[in-house]
Amino acid sequence: MRIFIKTSAWAVWAARLARLVIPLYVVSVLAHHIELIDGPIFVTMFALATILGMAALAVGLIAFIRLWYTGDHGWGMASWANLVGIAVAGLLGLTVLLATQHPQTNQVTTNINNPPPLGAPSLETPAKQAELEQMAQEVAISFPTAVTRAYPLGPNDILPLLERQIAAKGWDNVNRQSATETETLYMGDVKTWLGFKDRVSIRAIYDQNQSEIDMRSASYFGEADLGTNGRRIQSFLADLDSAVRKKLLDLSRAAPLQEEPSTEEAD
């Protein structure tokens, strides 16, 4: 006599919930990147995928318990749902961790008193400037290397280095906006991996022998950036530091050696 073993309904529903999570994440990110949806709709879709993922984990855990006691089929479906749910829980935990570890601000600059202009009125209101000043101490603690850089290089050396670093970051929309004998300004929009647009501004002030670099990065969407802007500035300036060190080393090697006067000539 053949014994019929049924498939657990809990496992079936856990798998159904899990199957919705990844497509919803992928569709929301892609649609946001190509600007089919705006920020609020993206956040809603992303939150829905997260809720479904957590629900899949909860139902999948219940399915495990039921399968253990009943001996029904469905271990594979429940395991898949739990794996998806654990991944979603990890993503949610990372988001909470970043939110608690970084200042609740959506823009960072290396120069609080005279930040580089962004060319975006919505990001340069008096309230935004006040927020920069208010959060300055917390930002300095979280991003200690996001500070003004001073280099012993003139414009003929520092500007090509800046432009190469901008290109290396893939910031195709960050371009030179103005240039004078003493100052050059680069600005433009960049995108995060989730499709959010941020604004970047880099200012070089210089004379023939030295230069000073300031940077500002701000998010159009949201009141907190989870540390994105501060990390962007630190990463860019760290790469620029390395490029400047290499340039200074090359210049020192190319400089002619000065021969020390011989003893006879000195006499």
Path from [X] to [Y] over hydrophobic side-chain contacts below 4.5 Å:
X: L237; Y: V139; value: yes
X: M54; Y: L20; value: yes
X: L24; Y: V26; value: yes
X: I37; Y: I51; value: no
X: L67; Y: I62; value: no

Problem - N-O pairing of R149 and D241 below 4.0 Å - result: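 Here R149 pairs with D241 in a salt bridge, since their nearest N and O are under 4.0 Å apart.
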
Minimum heavy-atom distance [X]-[Y], with the two atoms named:
X: V29; Y: L194; value: CG2-CD2, 4.1 Å
X: A120; Y: R199; value: CB-NE, 4.5 Å
X: A11; Y: A63; value: N-CB, 3.6 Å
X: M135; Y: P103; value: CE-CB, 3.6 Å
X: Q129; Y: I112; value: NE2-O, 3.3 Å
X: H33; Y: T192; value: CE1-O, 3.3 Å

Problem - The single option from D225, D198, N106 passing side-chain hydrogen bond (donor to acceptor under 3.5 Å, both in side chains) against S219 - result: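 Option passing the side-chain hydrogen bond (donor to acceptor under 3.5 Å, both in side chains) with S219: D198.
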
From [atom1] ([X]) to [atom2] ([Y]), nearest 0.5 Å:
X: I86; Y: N82; atom1: CD1; atom2: CG; result: 6.0 Å
X: L118; Y: R216; atom1: CG; atom2: CZ; result: 4.0 Å
X: L248; Y: R253; atom1: CG; atom2: CZ; result: 12.0 Å
X: N173; Y: M187; atom1: CG; atom2: CE; result: 13.5 Å
X: N111; Y: R203; atom1: CG; atom2: CZ; result: 5.5 Å
X: Y186; Y: Q165; atom1: OH; atom2: CD; result: 12.0 Å

[Y] side chain reached by [X] side chain, heavy atoms, under 4.5 Å:
X: I158; Y: V244; result: yes
X: T109; Y: P116; result: yes
X: M77; Y: T7; result: yes
X: P115; Y: D214; result: no
X: Y206; Y: D157; result: no
X: N229; Y: I233; result: no
X: R66; Y: D72; result: no
X: V12; Y: R16; result: yes

Exercise for the section: Decide side-chain contact (heavy atoms from CB on, under 4.5 Å) for T228 and W193; before the verdict, give the C-alpha distance in whole Å, the side-chain angles of both, and the deciding distance to 0.1 Å. Expected result: CA-CA 11 Å; T228 297; W193 69 275; over 6 Å; no

Above 12 or not: heavy atoms from other molecules or residues under 6.0 Å from [atom1] of [X]?
X: N114; atom1: CG; answer: yes
X: K197; atom1: NZ; answer: no
X: R231; atom1: CZ; answer: yes

Problem - Evaluation steps, side-chain contact (heavy atoms from CB on, under 4.5 Å), between V88 and V21 - result: CA-CA 9 Å; V88 171; V21 174; 3.8 Å; yes

Problem - Plane angle bin for W171 and F236 - parallel if under 30°, tilted between 30 and 60°, otherwise perpendicular - result: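 F236 and W171: parallel rings.
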
Handout entry: Parallel, tilted or perpendicular: rings of W75 and F64 (30°, 60°)
Key =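 Tilted, since the angle between the ring planes falls between 30° and 60°.
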
Under 3.5 Å donor-acceptor, [X] side chain and [Y] backbone:
X: T125; Y: K128; result: yes
X: S201; Y: P117; result: yes
X: N175; Y: G188; result: no
X: S28; Y: Y25; result: yes
X: D38; Y: I41; result: yes
X: Q234; Y: T145; result: yes
X: T110; Y: M215; result: yes

Between [Y] and [X], do the side chains contain a donor N or O and an acceptor N or O under 3.5 Å apart?
X: D189; Y: Y220; answer: yes
X: R232; Y: S217; answer: yes
X: T70; Y: K6; answer: no

Handout entry: Derivation and outcome, side-chain contact (heavy atoms from CB on, under 4.5 Å), residues E223 and Q104
Key = CA-CA 7 Å; E223 296 300 319; Q104 297 301 298; over 6 Å; no

Handout entry: Reference residue L161; test side-chain contact (heavy atoms from CB on, under 4.5 Å); the match among I166, L153, I213, D239
Key = L153

Exercise for the section: Using the side-chain contact (heavy atoms from CB on, under 4.5 Å) rule, take Q107 and E124 through it: C-alpha gap first, then chi angles, then the decisive distance, then the call. Expected result: CA-CA 10 Å; Q107 63 173 290; E124 297 181 284; over 6 Å; no

Exercise for the section: Name all pairs fulfilling the ring-ring contact (aromatic ring centres under 6.0 Å, His included) condition that reach into residues 89-148, sequence neighbours left out, sorted by first residue then second. Expected result: H102-F143

